[in-house]
Amino acid sequence: MFAAERRQLILEMVRANGAVSLRELARVVQTSEVTVRRDVRALEAEGLLDRRHGGAVLPGGFTRESGFPQKSHLATAEKTAIADLAASLVEEGEAIVVGAGTTTQELARRLARVPGLTVVTNSLLVAQALAHANRVEVVMTGGTLRGSNYALVGSGAEQSLQGLRVSRAFLSGSGLTAERGLSTSNMLSASVDRALVQAAAEVVVLADHTKLGTDTMFQTVPTDLITRLVTDEPPAHDDRAATELQALADQGVQIAVAGASGAPGGDQVPARQQQRRDVPLPGPRRGQAPSPGGPALRTATALGEPIAGAERARVADLRRR
């Protein structure tokens with residue numbers, strides 16, 4: 001494929017999806033990420049798109065929201081790995097809330113195996129993934145159906161969450177930065193996500209590396225309310241993603257990095273066989289005391305998987321990039 005043809009195809013993909021990772025672009029145009037990165041730089045110089053951490057977005061600073069069909073085909077291996085690792089954080093008999101999104105849908109498929117679990121959600125896709133799980137109780141919010149992501153939104157959804165208290169909220173979004181936290185492109189979705197956060201003692205964000213450093217219109221979870229981020233390993237050349245991870249860790253967010261090399265579909269590889277790397281919490285957040293007796297997320301050490309010296313060195317290497 002000639003350079004002009006590649007760039008036209010790249011531009012069409014970004015316009016259709018709003019944001020596309022370099023890995024996905026390289027796969028579609030059947031070339032290396034190095035070549036795609038050159039093409040993206042050239043298109044950015046012409047003002048046709050903006051570069052972001054590990055990908056490209058529509059120009060203008062704030063990405064628009066992609067529809068479900070487009071999102072479901074983006075970063076599928078990364079989402080599988082993230083979902084596997086996130087599922088290992090959930091305890092038997094726990095009560096949690098799970099927000100809308102393609103990554104949380106992947107998580108829900110794995111939660112079907114957790115006995116005694118109660119899942120509160122505003123996502124039809126999450127509910128569908130758990131519909132035939134005999135040992136999982138699913139509680140859905142009310143609200144108005146938003147067809148682009150199959151989620152219930154509006155005052156009905158928010159009011160149904162009042163007075164609710166669960167141990168954890170699992171959320172995804174359109175972008176994540178250390179400065180603003182998690183954000184999304186739709187006001188109604190953001191409002192419901194904020195209500196989900198209010199119902200949970202801890203907040204776990206699921207976001208692949210392409211969302212790191214991306215900022216969208218409506219803030220859903222400020223950084224100081226995010227307990228843990230579960231993400232995939234940024235490419236070696238993606239210095240900005242590594243920098244963003246370090247900035248999040250410096251603000252008290254626990255970082256868990258999942259390998260993206262699991263078996264197809266993710267279900268054939270047990271979650272605890274996935275690559276796991278926890279960036280330790282630097283200390284209590286400024287002005288925030290630990291909650292006595294509150295539920296705590298399990299770390300690799302608590303799971304009986306102590307981080308060896310070599311693993312710590314790899315974490316340090318990721319930070320230095």
Side-chain angles (χ1 to χ4, degrees), residues 1-79 82 101-103 146-149 172-190 206-220 231-245 247-248 260 321:
M1 189 180 295
F2 293 111
E5 294 175 309
R6 281 198 319 269
R7 292 171 186 178
Q8 182 60 36
L9 181 55
I10 289 169
L11 191 56
E12 289 173 0
M13 287 183 65
V14 173
R15 285 173 175 169
N17 299 301
V20 187
S21 70
L22 290 178
R23 289 176 185 173
E24 186 69 12
L25 290 172
R27 184 187 68 79
V28 171
V29 302
Q30 298 182 344
T31 188
S32 68
E33 287 188 32
V34 173
T35 300
V36 167
R37 196 177 305 112
R38 273 200 308 267
D39 292 336
V40 168
R41 285 198 189 102
L43 291 168
E44 183 183 44
E46 296 178 38
L48 298 174
L49 52 73
D50 289 342
R51 284 186 298 157
R52 285 293 182 269
H53 300 196
V57 302
L58 289 174
F62 296 101
T63 60
R64 69 173 176 84
E65 185 178 35
S66 305
F68 173 77
Q70 291 81 23
K71 288 182 179 179
S72 62
H73 296 295
L74 296 176
T76 52
E78 290 87 345
K79 290 174 184 176
I82 290 168
T102 52
T103 310
R146 184 166 178 260
S148 62
N149 64 346
S172 61
S174 302
L176 178 65
T177 65
E179 181 180 359
R180 287 186 75 217
L182 189 67
S183 62
T184 188
S185 302
N186 181 266
M187 182 172 63
L188 294 175
S189 295
L206 313 181
D208 65 77
H209 74 274
T210 63
K211 297 178 180 178
L212 296 175
T214 298
D215 201 3
T216 51
M217 290 184 68
F218 300 99
Q219 183 191 58
T220 57
T231 187
D232 64 297
E233 175 137 22
H237 59 266
D238 196 348
D239 296 334
R240 289 186 295 179
T243 300
E244 200 73 45
L245 284 177
L248 287 162
R321 291 180 192 168

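The figures that follow rest on heavy atoms only: side chains count, while hydrogens, waters and symmetry mates do not.
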Hey, are the side chains of D39 and L25 touching, using non-hydrogen atoms and a 4.5 Å cut-off?
no

Interatomic spacing from CG in L206 to CD1 in I82 - rounded to 0.5 Å
7.0 Å

Closest non-hydrogen atom pair, A207 against T231:
O-OG1, 2.7 Å

Is the backbone of T216 close enough, under 3.5 Å, to the side chain of R180 for a donor and an acceptor to pair up by distance?
yes

Pairwise distance OG(S21) to NE2(H209) - rounded to 0.5 angstrom:
6.0 Å

Rounded to the nearest 0.5 Å, what separates atom CG in L176 from atom OG1 in T210?
11.0 Å

Here the gap from M13 atom CE to L49 atom CG, rounded to the nearest 0.5 Å, amounts to 12.0 Å

V29 and T35: side chain to side chain contact (heavy atoms under 4.5 Å, CB included), yes or no, with the steps?
CA-CA 10 Å; V29 302; T35 300; over 6 Å; no

Do S183 and D215 touch side chain to side chain, with heavy atoms closer than 4.5 Å?
yes

Salt bridge check: are D208 and R23 linked by an N-O gap of less than 4.0 Å?
no

Nearest 0.5 Å, what's the CZ-CG distance between R146 and L188?
7.0 Å

Which heavy-atom pair separates F218 from A190 by the least distance, and what is that distance?
CB-CB, 3.6 Å

Please give me the minimum heavy-atom distance between L245 and P234, naming the atom from each residue.
CD1-CG, 3.9 Å

When T177 is tested against each of E244, Q219, K211 for side chain to side chain contact (heavy atoms under 4.5 Å, CB included), which residue passes?
E244

More than 12 foreign heavy atoms under 6.0 Å from CD of E44: is that the case here?
yes

Short N-O contact, R27 and E24, less than 4.0 angstrom:
yes

Nearest 0.5 angstrom please: Q8 CD to L48 CG, how far?
9.0 Å

Donor + acceptor pair across side chains of R6, T31 (<3.5 Å)
no

Looking at Q30, I'd like to know if its CD atom is crowded, meaning that more than 12 non-hydrogen atoms belonging to other residues, nucleotides or ligands lie closer than 6.0 Å.
no

Hydrogens and angles aside, do N186 and T184 bring a side-chain donor and acceptor to less than 3.5 Å of each other?
no

